[in-house]
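For reference, the structure is listed below as structure tokens.
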Amino acid sequence: MHRPLKQTDHPGYTYVCECKQMVGKRWLSLLLLVFVLVGISTDLLREAPAASSNISKSSSARIPVNPQGGEQRDGSKSREYKGIPLKANLSVCHASFSDADRPVYCCPAWKDADQTLLDFEFPDPSSPVRIRRPAHLVDEEFVAKYERAVGIMKQIPPDHPHNFWRQANMHCLYCTGAYDQMNSSALFKIHRSWLFFPWHRAFIYFHERILGKIMGDDTFALPYWSWDTPEGMWFPDIYRKGALNETERDAIHLREAAVDDFDYVDHDLASDAQIADNLAFMYHQMISGAKKPELFMGCKLQSGVEGWCDGPGTIEAAPHNTLHSWVGNRYNPERENMGAFYSAARDEVFFAHHSNIDRMWTVWKKLHGDKPEFVDQEWLESEFTFYDENVRLRRVKVRDVLNIDKLRYRYEDIDMPWLAARPKPSVHPKIARDILRKRNGEGVLRMPGETDGSQLSEDGSWTLDKTITVRVDRPRINRTRQEKEEEEEILLVYGIDTKRSRFVKFDVFINAVDKTVLSPKSREFAGTFVNLHHVSRTKSHEDGGVGSKMKSHLKLGVSELLEDLEADEDDSIWVTLVPRGGTGVNTTVDGVRIDYMK
Ligand code: C2O
């Protein structure tokens, strides 16, 4: 039975919602709201995560690598698994959990499954191309219009799909796992995998068109927060105005236009130094660490519990995750709004942040010859649903959003100095390798003054409460250019268990001898693991909402890095894991090894 949602077109943009089923569900929402509020008040009493780390010691030893037999500990599937495209089961929307494990409820008051579901249609090819501009460059007239439209969106009745908070809840639905996957009890989630870029592209595409519709302007385009460029590395001022403003932000980070900190360590660097760090970081995340589609886009999530994966692409991990946390209010339990997925889109700056994320996808694709990212049907045919600007529910497949020309928008070009910000080693590679070789020769597997293997927990994994340094063997050395192009050398940190931690971040360095000078600006930086209060669950209501928690893994592309560190001939390298912000206390890692990725 279809109960269509309608937008009536009389003046003043009045919204009408004909969804009768909404009412019945209200008591459930209310009950859950109470539940959530109780959760929040107890959490508020807990201390906010420490802003900076104080690592005085580090230990080092060889972590047990690649155990034989049984299930594979690197998160890879032990047998060939052929997935079918992912799809949400819209007929059951259920309570879900925030990243810090608190119950949230973001379902619409009606069942989307009862709405008429239409296929996606590309905009008319003769319609104007919307040009997304950097947020710091848009003019006052634009901001006034944009601000007014968002204000109207906030006043649309709460049950209507165009209501501002209902749209924010679309994000909550797909990020907390309010829907199961079709024909499976596994949750449908769009973060930390190859669905990340396509889903968010579609989400902001509709948000933009709805805003355009409200203003009666079919050229309206979302601004982008160009945090990859020096001029854009401050919180964009236009989001402090009227309806674009939001109270739940980190006052300290926004004060005096502080520079974004991609690394999210709060080093309190001077602006120039922070900018240099950020540019080198961008180089790493966009170029040297992202040579293969899976490294950039994220792991290949397939349907069912079997097809589970947890490996965000470089940009998703950071600056995406880190800037979410950076903007969110540090005094809220999950750094709401921006710092938690369930609440992130309640802050309009979310859309500017994701415009830039989306722009990074277009840039990366161009750098890689505009080739298709993946040809897997499981990806191309995976689908999501959104309400369009005419309040019709649309089925959007990944293949629909791969070409932004067809979606009739583009990004205004700006300079990207990070393209040339290839980092330099912090210590001359010859000297560093000499020091490291000496350590090898003596069979001493730790830096001077470091502890022994006391971090080894009962199950043989390593606790990241301190810096860990390990020696890792390289199965192949001196590969040819062609071999490297075919297969990227991967540093795999496997079996990462974040336990009950909230925000977890650790950085990975190779052949580092002086960890006091380590930052993303040094070539030794191999990448970062960032977990935004995230608990990996595979099941939902079936097991009473408890779910089985899975370990994740981190894959870092290191071919270019090893060349720059002159380590290409070495049959082993030293890998250092540095927990950031005191976040690793509950985090364990099973091991580190070298792998190869086609
Ligand atoms: Cu879906 Cu930026 O998060």
Side-chain angles (χ1 to χ4, degrees), residues 86 88 96-100 104 106 132 135 164-179 187-208 222-228 235-236 239 246 248-250 253 260 262 264 285 296-299 301 310-329 334-361 382 384-386 396 398 401 502-503 505 528 530-537:
L86 278 135
S96 43
F97 289 88
S98 76
D99 306 304
V104 290
C106 37
R132 297 187 183 167
F164 182 80
W165 288 280
R166 269 253 47 90
Q167 281 184 58
N169 273 359
M170 290 297 292
H171 186 249
C172 177
L173 286 175
Y174 282 97
C175 73
T176 61
Y179 287 130
L187 299 177
F188 190 40
K189 288 188 180 185
I190 44 81
H191 290 102
R192 307 181 71 83
S193 78
W194 64 358
L195 296 184
F196 171 76
F197 282 106
W199 187 90
H200 289 85
R201 172 169 288 176
F203 180 49
I204 66 172
Y205 167 85
F206 288 112
H207 186 76
E208 176 175 81
L222 288 168
Y224 63 88
W225 177 7
S226 59
W227 33 248
D228 59 303
F235 185 85
Y239 291 94
E246 162 60 48
E248 299 311 309
R249 289 180 183 149
D250 191 315
H253 285 155
D260 314 336
F262 291 0
Y264 191 62
Q285 300 299 76
F296 179 74
M297 303 285 295
C299 63
L301 179 70
D310 178 43
T314 47
I315 289 290
E316 180 183 355
H320 169 259
N321 282 353
T322 43
L323 282 184
H324 266 287
S325 292
W326 190 84
V327 176
N329 184 348
E334 296 184 46
R335 287 185 175 257
E336 288 93 340
N337 285 334
M338 275 284 275
F341 283 145
Y342 83 89
S343 57
R346 294 176 191 169
D347 187 335
E348 182 66 21
V349 81
F350 174 99
F351 296 93
H353 183 33
H354 273 279
S355 274
N356 207 42
I357 296 283
D358 188 62
R359 179 177 148 257
M360 288 300 114
W361 182 11
S382 281
F384 325 113
T385 54
F386 295 97
V396 184
V398 168
V401 297
R502 297 146 132 202
F503 185 83
K505 182 180 197 301
T528 189
V530 183
N531 193 328
L532 196 74
H533 302 293
H534 162 90
V535 179
S536 311
R537 289 176 181 285

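Throughout, numbering of the chain's residues begins at 1 and tracks the sequence. As the structure lists them, so they are numbered: ligands from 1, and atoms in each ligand from 1.
- Ala344 approaches His324 most closely through the heavy-atom pair CB-CE1, 3.6 Å.
- Computed with atom 1 (Cu) of ligand 1 at the centre, the His200 NE2 to His171 NE2 angle is 110°, stated to 10 degrees.
- For atom 2 (Cu) of ligand 1, the N/O/S atoms of His191 include none lying under 2.8 Å.
- Between Glu208 and Arg132, at least one side-chain N (NZ, or NE/NH1/NH2) sits under 4.0 Å from a carboxylate O, which counts as a salt bridge.
- Ring orientation note: the planes of Phe350 and Phe203 are nearly perpendicular, at an angle over 60° on the 30°/60° scale.
- Atom 1 (Cu) of ligand 1 does not have His354 among its coordinating residues (no N/O/S atom, backbone or side chain, under 2.8 Å).
- Distances from atom 1 (Cu) of ligand 1 show that Cys175 has no N/O/S atom below 2.8 Å.
- Annotation: His191 is not in aromatic contact with Trp199 [ring centroid separation under 6.0 Å not met].
- Atom 2 (Cu) of ligand 1 has an N, O or S atom of His320 closer than 2.8 Å.
- Note on ring orientation: taking the six-membered ring where Trp is involved, the planes of Tyr239 and Phe235 are perpendicular (angle over 60°, cut-offs 30° and 60°).
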